[in-house]
Amino acid sequence: MQADVVVLGAGMVGVSVAVHLQQRGKSVVLLDRRRPGEEASFGNGGLIQREAVSPYPFPRAFAELRRIARNRSIDACYHPGALPGLLRPLFGYWRNSAPARHAAIARAYSTLIASCKGEHENLAAAAGATALLRPVGYIRAYEDAAAFAADLAKAEAVRREFGVNFVALDPAGLAAAEPHLQAAFAGALHWTEPYAVNDPHALTLSYAALFARLGGRFVLGDAATLAREGAGWRVAAADGATVEAADAVVALGIASDRVTRRFGYAPPLFGKRGYHLHFTPKGNAGLTRPVASNGFLLAPMRAGIRLTTGVEFARPDAAPTPVQLRRAEPVARRLLPLGDAVERTPWMGVRPCTPDMLPIIGPAPGQANLWCAFGHAHQGFTLGPTTGRLLAEMMTGEAPFVDPRPFRAERF
Ligand SMILES: Cc1cc2nc3c(=O)[nH]c(=O)nc-3n(C[C@H](O)[C@H](O)[C@H](O)COP(=O)(O)OP(=O)(O)OC[C@H]3O[C@@H](n4cnc5c(N)ncnc54)[C@H](O)[C@@H]3O)c2cc1C
């Protein structure tokens, strides 16, 4: 099977890259070991985070570090045995989270985030999936008045510097916006610009269907079989066919460095795992939009109220340990009347992270015709279409619509 480009990985990022290349006249094969959108892009919070101009920093305050070190919190936890293997990337993450560096990183990141809504709107319109982009924003609700005041000040700074909108809600305003919330909240921030998608898998599938309508081909196969074929590439499909292409794009989420390492590029990618479980709402209780509080997210999804956890650090091959879900569930039940869990086993996904909190987008160092599109951490669902456009422009020699230099692979 011949193609101009083989895109490895059919999560939100790979599917979006494939659509953008196919739209530009390239013949593209999209390859994944599973059907499209079944890993991290499947079970996320569904937020298209226009407000996330500033990537999540590593905590620097001593009290915060001590809280996390005790390993009992809802928002972050770790397997002690995983720490030695994570020391280098986490040290880099900590260093890059120093205020001056983090501010510079946020300025670069904000150039990607700025286009996330428009780029999703374009793909969703072409895919007939605009209804999935619910323009309701999301709410961050605080039971602690001091935490609310601190985050309000940060939100005001974000609005001043980046022009992102939000509304500060007092308890009455929050009750009017989400009448079924039942805890005594001190206040809330309603980020009004994000889209809330109530079926993230359906959105990725709709972009994959658009790719197929444009003439793109999807094949099952293992990206580990990628090999040089002259100046180009070949990779084995599961049905025994061989895909040959001039260019290859690595968009394998957390598995990306496994493939790039074989071709001399070993970026310090590390994972932040997260879990979800759906609950039926009790009686007529419900949410209009996702609500983040106490270190987890409650999002109204087609499958039920999705309780999504924060971050867990573990070895790549460690079995799931959904302790954060167990800690979060009683708190979630205090916030919202929840019925039974919909699934027996929680879903787990891995956010593909880099020490400087920026994704890797562009040519792989030292390997002609090999391209990177990974490392989108907490916002890969948000940024897939933006990265898709940027990389397709770079690969086809168009002027990139965003300066790609902060995201270049050579920085690692
Ligand atoms: C709990 C949680 C909540 C989140 N909430 C949000 C949110 O609200 N908003 C947001 O923007 N982001 C969110 N994220 C982050 C987001 O989900 C990820 O950044 C994003 O899905 C990454 O997309 P991707 O395409 O890079 O990777 P993936 O979706 O993981 O896709 C990678 C693909 O590569 C394939 N693959 C891997 N290895 C091989 C191989 N050897 N051969 C063939 N195929 C292979 C996989 O099958 C997979 O389909 C969340 C993540 C988690 C875990």
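Heavy atoms only: backbone and side chains are in, while hydrogens, waters and symmetry mates are out. Both counts, for ligands and for their atoms, begin at 1 and track the order of listing.
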A quick test of your reading: do over 12 heavy atoms of other residues, nucleotides or ligands sit less than 6.0 Å from CG of D403?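 Check passes, neighbour count above 12.
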
Out of R50, E121, K117, which one pairs with Y195 under the side chain to side chain donor-acceptor pair (under 3.5 Å) rule?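 Only one option passes, and that is E121.
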
Below 6.0 angstrom between ring centroids: does that apply to F148 and Y142?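 Under 6.0 Å, so yes.
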
Would you call the rings of Y207 and H120 parallel, tilted or perpendicular, where under 30° means parallel and over 60° means perpendicular?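 Aromatic pair Y207/H120 classed tilted.
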
Any idea how H276 and W347 line up, ring-wise: parallel (<30°), tilted (30 to 60°), or perpendicular (>60°)?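 Ring orientation of H276 relative to W347: parallel.
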
Any carboxylate oxygen within less than 4.0 angstrom of a Lys/Arg side-chain nitrogen, looking at E244 and R234?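 Here E244 does not pair with R234 in a salt bridge, since their nearest N and O are not under 4.0 Å apart.
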
Between ligand 1 and the protein, give all atom pairs where both partners are nitrogen or oxygen and the distance is under 3.5 Å, as lines of names plus distance to 0.1 Å.
from	atom 1	to	atom 2	distance (Å)
ligand 1	5 (N)	G45	N	2.9
ligand 1	8 (O)	G45	N	3.4
ligand 1	8 (O)	G46	N	3.4
ligand 1	8 (O)	L47	N	3.1
ligand 1	9 (N)	L47	O	2.8
ligand 1	11 (O)	L47	O	3.4
ligand 1	11 (O)	F381	N	3.2
ligand 1	11 (O)	T382	N	2.7
ligand 1	11 (O)	T382	OG1	2.6
ligand 1	12 (N)	H378	O	2.8
ligand 1	17 (O)	A40	O	3.1
ligand 1	17 (O)	N44	ND2	3.3
ligand 1	19 (O)	A377	O	2.8
ligand 1	19 (O)	G380	N	3.0
ligand 1	21 (O)	S41	N	3.2
ligand 1	21 (O)	S41	OG	3.0
ligand 1	23 (O)	S41	OG	3.4
ligand 1	25 (O)	M12	N	3.3
ligand 1	25 (O)	V13	N	3.1
ligand 1	29 (O)	S41	N	3.0
ligand 1	29 (O)	S41	OG	2.5
ligand 1	30 (O)	A40	N	3.2
ligand 1	38 (N)	R33	NH1	3.4
ligand 1	41 (N)	D222	OD1	3.0
ligand 1	42 (N)	A223	N	2.8
ligand 1	44 (N)	R33	N	3.1
ligand 1	47 (O)	D32	OD1	2.7
ligand 1	47 (O)	D32	OD2	3.4
ligand 1	49 (O)	D32	OD2	2.5

